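The structure under discussion appears below in the form of structure tokens.
As the structure is a computational prediction, the values presented were derived from the model and not from experiment. Throughout, a chain's letter reflects where its sequence line sits, starting with A, and its residues are numbered from 1.
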Amino acid sequence: MTTGVDTREQPATRVKGILNKLLRRNGWTLGLVGILAALFVVTRIVQPSYGPNGIQGLAISVLPLALAAVAQTCAVLGRGIDLSIGSMMALASVVSARLMEDQSEGFAVLVVFGVVLLGLVVGAINGALVVFTRVPDIVVTLAMLFVWAGVALLVLNTPGGGSAEWLTNLTRGPLLTEWLPKAAVALVVVIAAIWVPIRRSRLGLSLYAVGSDSLAAFRSGVSVTRIKIFSYMLAGLFSALGGLSLTATTGIGTPVPGPYTLMSVAAVVLGGVSLAGGRGGVFGPVVAVVILSLLRTNMTFLNVDTNLATVAQGVILVGVVMVGSLIQLRRER
Amino acid sequence: MTSITDTPTSRRPRWTTAAGLRSLFRERPIIPLLGLLAILVVLSEVIRPGIVSPNWAGVMIRGAIPLAILAGCQTITMVTAGIDLSVSAVASMSGFVVATLVGDMGLPVAILVALIVSAIVGFVNGIGAGVFRVHPLIMTLGMSLVVLGLANVWQLVRVQTGSGVPTEFRQLGANMMFGFIPVSLLLFIPLALFIMFMLNRTGFGRLLYAIGDNEMASRLSGAKTWQVLTVLYVISGVLAGIAGFLYSGLTNTASVTLADSALLPSAAAAVIGGTSILGGRGTYSGTIVGALILTVISSILSSLGYPEAVRQILFGSMIVFVAAAYNRITLD
């Protein structure tokens, strides 16, 4: 990154330049973090007793949503979109709950690996269908939303099953201090272990390349087909982890897809990931998810009708994107 | 994407004899679609002998009409490379609003209110997509959340007065003339003619295709794209509102989530009918056949007596399969 900077420059201006660059690149995310911080302050004012317990509940409700948002980010970065994330999460959740019920803790480790593998396979099927049928992503994943939801219903007709104790303990309760929920740690660890290495590798670079200009990527020797499938596999992988987190936090598996697909699209857009592909990262969408959840919490504290909270989410989604594209339009002029 | 996964070999017509047939299909996409529909009808008859009758056809058409109207919203928006994901929320809302207002205000006023609200939703969608250049997917998704939330609030406000689907809607949505001609055809035929006329015979329609093909080019050639898009989404909203009347009449229920399950099929019907989600290509006649195909498929699946899970799996697979087969026939 710094290769272009003249080393003979004054150190102060150099630092300034790097800072400027950082700000320009991550302006959107920094803005989000600022909003989040302000929102925490507001929450504290609205509800002075908001403390470790509130943070704990927030982290548990954020965990599956954040994983869904990361899954969607992977698909969107490769210039796709995955509308089947909610169903894939439901599928992973019921498969894990059904297999772990009344089984030993050790067996559950196998189940977790199996479900992760399942997520990769399911995602690979989505990706392969998109690539080989040449039907637009949105249509294929729309149809697969039905398919995976149906498979989930076949696995478990009604909510049930169980979760291994260690898995539940991974997400419930605090770690070290009461202010640090395990769910938040789990989220950071999962993202750091999977996303960061990929982002820094050749694969990640290819993903961004295909997303921003697939023709250019193709001509520079990237296999567009393979990378497309890979991006959907990542989406499937994170959806499976999201489903596992649902099983872990609720203790059962639910075959009916939650609102995760739509929320993931909203989070991705709010998180500064371009729907046209190739721009953005996973940090923004995760922060956006926390903001949306915290906003909902605040509205409950203020005794606002939960239906109005839905309205607010819609308005925020539309409003933020409008402002974002206005900025973009002004920049172009 | 398509231009890249296309290897040079696959672009060459493989069977020169079939090339003529292929181009016929490409120019008249309705022909393979009608063929597929015929196959499905035969399949219905094979699975349940004696089921195909004028009455059965009437039931199929009656079921397909509201779906075809919603799919019409998708067709006209997809032609401009957009999509309208708020149609199901708007349709449910408009049916619900009429059912709750008809007691106090009478039917004409209730209908007017529902359609005005639908038009406002469409207007906001259009302003967002046209002026602010928000991706229509996001814009309409956000608006559907807003509509759903407000409809829920409205439901709580009106819960004490109770509600009922007006008899006129039930007659319009569910009744048959002579035992096999759905009454809703009387509403649908003019609507369908209007959409087709708009797409094929007006300057407005031509602009829609132009925007979908190349928005920048059409703007540079003097088209006021934001005005076109605003009008387009208003039309889409009003159409969705009308479909809501038929849904509430057909099912005799007024619920704020009534048409939710029709959202994905409406997009699927348009795609199966040959409308490109990427813009610039699509016909409403194809979409109507697409809606009929989906209706017959779901009737076949339910007559097979499979559990809901299997039906969902088959439905999803068929959408992919039909869309892929269609792509193979018409593209290349």
Side-chain angles (χ1 to χ4, degrees), chain A residues 79-81 83-84 129-140 142-155 157 210 214-215 217-218 224-225 228 255 262 265-266 269 275-276 305-319 321-326 328-329, chain B residues 1-6 83 85 124-125 127-128 131-135 137-156 256 263-264 267-268 271-272 276-278 307-328 331:
Chain A
R79 201 166 195 169
I81 191 164
L83 299 184
S84 68
L129 282 173
V130 167
V131 168
F132 294 121
T133 63
R134 288 192 245 152
V135 176
D137 309 59
I138 190 170
V139 179
V140 171
L142 204 69
M144 295 318 277
L145 174 139
F146 285 101
V147 173
W148 303 130
V151 176
L153 270 176
L154 278 186
V155 174
N157 208 2
V210 168
S214 50
L215 188 60
F218 178 70
V224 174
T225 310
K228 265 302 239 207
L262 295 190
V265 176
V269 173
L275 274 185
D305 190 342
T306 48
N307 294 311
L308 282 179
T310 314
V311 177
Q313 275 177 345
V315 170
I316 290 168
L317 172 61
V318 169
V321 179
M322 274 188 182
V323 172
S325 44
L326 261 191
Q328 188 74 28
L329 283 178
Chain B
M1 189 207 90
T2 26
S3 55
I4 291 147
T5 43
D6 249 354
I83 192 167
L85 293 185
V124 178
N125 279 335
I127 292 291
V131 179
F132 290 90
R133 313 265 184 79
V134 179
H135 195 296
L137 182 80
I138 300 300
M139 191 62 216
T140 55
L141 188 66
M143 279 311 284
S144 79
L145 287 179
V146 173
V147 171
L148 177 68
L150 288 179
N152 265 318
V153 174
W154 175 245
Q155 185 173 30
L156 292 178
V256 290
L263 176 59
L264 305 183
V271 170
I272 288 173
S276 165
I277 209 162
L278 308 172
E308 173 65 20
V310 179
R311 263 191 277 165
Q312 279 191 16
I313 296 172
L314 286 174
F315 190 71
S317 326
M318 278 184 185
I319 291 177
V320 175
F321 178 77
V322 172
Y326 189 83
N327 247 11
R328 273 287 135 85
L331 291 181

Could you have a look at B:Pro307, B:Ala151, B:Gly142 and say which one has the most heavy-atom pairs with chain A under 4.5 angstrom?
B:Gly142
Determine the option with the most heavy-atom pairs under 4.5 angstrom with chain A, choosing from B:Leu150, B:Asn152, B:Val310.
B:Asn152
Contact origin within [X] toward chain A - heavy atom pairs under 4.5 Å:
X        : value
B:Val271 : side chain
B:Ile83  : side chain
B:Leu314 : neither

Between A:Val147 and B:Ser317, what is the shortest heavy-atom contact and its length?
CG2-N, 3.6 Å
Closest approach of A:Gly150 and B:Gln312, non-hydrogen atoms and distance?
N-OE1, 3.4 Å
Using a 4.5 angstrom heavy-atom cutoff, name the option from A:Val151, A:Leu129, A:Leu83 with the most pairs to chain B.
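Looking at each of A:Val151, A:Leu129, A:Leu83 in turn, A:Val151 comes out on top.
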Below 4.5 Å, heavy-atom pairs only: which of A:Val140, A:Val210, A:Leu154, A:Ile81 has the largest tally toward chain B?
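Ranked by heavy-atom pairs under 4.5 Å with chain B, first place is A:Leu154.
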Run A:Leu142 and B:Ile319 through side chain to side chain contact (heavy atoms under 4.5 Å, CB included) and show every step you take.
CA-CA 9 Å; A:Leu142 204 69; B:Ile319 291 177; over 6 Å; no
Side chain / backbone / both / neither for A:Ile316 at chain B, heavy atoms under 4.5 Å
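Contact with chain B is absent: no heavy atom of A:Ile316 under 4.5 Å.
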Taking the side chain as C-beta and beyond, is there a heavy-atom pair between B:Leu137 and A:Ile138 under 4.5 Å?
yes
Within a strict 4.5 Å, meaning less than it, do heavy atoms of the B:Val320 and A:Val135 side chains meet?
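Sidechains of A:Val135 and B:Val320: no contact.
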Test log, rule side chain to side chain contact (heavy atoms under 4.5 Å, CB included), inputs B:Val134 and A:Val318
CA-CA 8 Å; B:Val134 179; A:Val318 169; 5.7 Å; no
